[in-house]
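Step one of this worksheet: look at the structure below.
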Amino acid sequence: MHPTSFRRTANSRSWARYSIYADRSIIVLNKPPGLICQGSESQTHVPPPRDVDKFNDLLYDLKYRFHMSNLPYAVHRLDKSTTGALVLAKNLVTARQLAQQFQTRTVGKTYLALVRGGEKSFPAKFGEIREALETSKEGRVLIGTSCDAKFAATDWELIASSTKAPLSLLRLTLHTGLKHQLRVHLAHSLHTPILGDTLYSRKPISEKITHLLRIPEHRLFLHSSQLILSRFRKAGTKKHLRLGITAALPGDFVSMCKDLGIQLDPKDVSGGLCVDDQPVSGGSIEDLQGKWLRPWHHMS
């Protein structure tokens, strides 16, 4: 037996409860905070780090839950502290197809972020950031100035600003997927760092915020809200479709917006499914053998 094989016991945490959508080829999770999206298939007897072991447990739990003959394949990643939509492939063929979609930037990726800055912090209600990024020798991501810098594109929209504290809710469209792209673009290009980001903004949080809210330690308020993937029917006149999966916001994110007086879109709170921009009301998607699983989603 593999040393990191998942063993179901009465005390095992059911990682599969974070599944929000599944069909014959993919599983989509609503990733909780604190989970590293990288497993270990090492054959050595050195135990993997605890965070890596968690992801291995998740993969084994999903294999058990969905009666799979193999472990699911990870095709993209979210930062440890980021929550939300994460897609896994059930087989190698689908894994390669999805990886190609991410590489060619045909996957739609939308995020929600609570950021430090009131309404006056923004030059308009929406905008775009086109600033290249590079990584320093120490591993820190910076706005790029060298020839090694890579193009990075982010669109942003101001959804609402609190009247109680200098915090705002942004909807972000990620056109490229570089490491820490959103965190750096918001902190150093827009000058509105994500709430909880102590890596790219070490400036103390305003007392207007700390007097109103208790900010959890090691909690970044960045959520992968929606993924839009190309999927294909086996038959019919229109074989190609665009499948959109919206992952419900974590409970603490929702509560914080409520305390701030920021009104949320009900779809962002509860999550949902759409095909070619048309909402699907929770049932099966016949051509994909798909199902909206509607799990418990109010994560702490």
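For the pair Ile26 and Leu98, the minimum side-chain heavy-atom distance is below 4.5 Å. Side-chain contact between Met256 and Leu195 is present, with heavy atoms from C-beta onward closer than 4.5 Å. Between Leu88 and Leu29 the shortest side-chain heavy-atom distance falls below 4.5 Å. Residues Thr83 and Leu35 are not in side-chain contact: their nearest non-hydrogen atoms beyond the backbone lie 4.5 Å or more apart. When side chains are defined from C-beta on, His191 does not count as touching Arg116, because their heavy atoms never get closer than 4.5 Å. A heavy-atom distance below 4.5 Å is found between the side chains of Leu133 and Ile143. No side-chain heavy atom of Arg242 sits less than 4.5 Å from a side-chain heavy atom of Val275.
A donor-acceptor pair is defined here as one N or O able to donate and one able to accept, closer than 3.5 Å; no such pair exists between the side chain of Asp155 and the backbone of Thr173. For the pair Lys31 (side chain) and Lys80 (backbone), a donor-acceptor distance under 3.5 Å is present. A donor-acceptor pair under 3.5 Å is absent between the side-chain atoms of Ser201 and the main chain of Thr198, judged by distance alone. A distance-only check finds a donor-acceptor pair linking the side chain of Ser162 to the backbone of Leu260 [under 3.5 Å]. With hydrogens and angles disregarded, no donor-acceptor distance shorter than 3.5 Å links the side chain of Asp259 to the backbone of Leu213. Between the side chain of Thr106 and the main chain of Gln101, a donor-acceptor pair closer than 3.5 Å is present. At least one donor-acceptor pair under 3.5 Å links the side chain of Arg140 to the backbone N or O of Leu199. Thr104 places a side-chain N or O within donor-acceptor distance of the main-chain N or O of Gln100, the cut-off being under 3.5 Å. Proximity of a side-chain donor or acceptor of Thr176 to a complementary backbone N or O of Ala153 within less than 3.5 Å is detected. Side-chain atoms of Ser121 come within 3.5 Å of backbone N or O of Gly118 as a donor-acceptor pair.
Distance check: Ile27 CD1 to Phe66 CZ gives 4.5 Å after rounding to the nearest 0.5 Å. Atom CG of Asp79 and atom NE2 of His180 lie 4.0 Å apart (nearest 0.5 Å). In this structure, CG on Leu273 lies 9.5 Å from CD on Gln226, to the nearest 0.5 angstrom. The distance from atom CG of Leu222 to atom OG of Ser81, rounded to the nearest 0.5 Å, is 7.5 Å. One distance of note links NE2 of His240 with CG of Leu243; it measures 10.5 Å at 0.5 Å rounding. Interatomic distance, Gln181 CD to Leu186 CG, rounded to the nearest 0.5 Å: 9.5 Å.
Scanning all heavy atoms of the two residues, the minimum distance from Glu131 to His185 falls at O-NE2, 2.9 Å. Minimum interatomic distance between Leu142 and Val184 (heavy atoms only, all atoms of both residues): C-CG1, 4.4 Å. Taking every heavy atom of both residues into account, Ser225 and Asp268 meet most closely at OG-OD1, 3.7 Å. For the residue pair Leu62 and Pro72, the shortest heavy atom distance occurs at CB-CG, 3.9 Å. Smallest separation of non-hydrogen atoms from Tyr21 and Gly290: OH-CA, 3.6 Å. Nearest heavy-atom pair, Ala247 versus Ala85, reported as atom, atom and distance to 0.1 Å: CB-N, 3.6 Å.
Cation-pi geometry between Arg105 and Phe102 is not met at under 6.0 angstrom from the ring centre and within 45 degrees of the axis.
There is a path of hydrophobic side-chain contacts, each under 4.5 Å, that joins Met68 to Leu59. Side-chain heavy atoms closer than 4.5 Å link hydrophobic residues (I, L, V, M, F, W, Y) into clusters, and following such links, possibly through other members, connects Tyr18 to Leu78. At a threshold of 4.5 Å between side-chain heavy atoms, the hydrophobic network of Ile, Leu, Val, Met, Phe, Trp and Tyr places Ile194 and Phe122 in one connected group. Linking Ile, Leu, Val, Met, Phe, Trp and Tyr residues whenever their side-chain heavy atoms come within less than 4.5 Å leaves Leu114 and Tyr200 in two separate clusters. The hydrophobic clustering, which links ILVMFWY residues whose side-chain heavy atoms are closer than 4.5 Å, places Ile159 and Val254 together.
Electrostatic pairing of Glu128 and Arg130 counts as a salt bridge here, judged by a charged N lying under 4.0 Å from a carboxylate O. For Lys179 and Glu134, the salt-bridge test fails: no basic side-chain N is under 4.0 Å from an acidic carboxylate O.
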* From CA spacing to verdict: side-chain contact (heavy atoms from CB on, under 4.5 Å), Leu167, Phe221 -> CA-CA 11 Å; Leu167 291 170; Phe221 285 87; over 6 Å; no
* Apply side chain to side chain donor-acceptor pair (under 3.5 Å) to Asp252 and Ser255, showing your working. => CA-CA 5 Å; Asp252 60 352; Ser255 297; over 6 Å; no
* Just do the side-chain contact (heavy atoms from CB on, under 4.5 Å) check on Lys109 and Ser224 with the steps written out, would you? => CA-CA 7 Å; Lys109 295 174 282 188; Ser224 172; over 6 Å; no
* To do: Would you check, one step at a time, whether the test side-chain contact (heavy atoms from CB on, under 4.5 Å) holds for Lys125 with Glu119?
  => CA-CA 9 Å; Lys125 292 293 185 183; Glu119 187 174 11; 3.0 Å; yes
* Asked: Step by step, would you call Leu190 with Ile129 a side-chain contact (heavy atoms from CB on, under 4.5 Å)?
  -> CA-CA 8 Å; Leu190 203 55; Ile129 302 170; 4.3 Å; yes
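Just one residue in the list Lys291, Lys90, Arg231 forms a side-chain hydrogen bond (donor to acceptor under 3.5 Å, both in side chains) with Asp23, and that residue is Arg231.
At most 12 heavy atoms of other shown residues, nucleotides or ligands fall within 6.0 angstrom of atom CG in Asp277.
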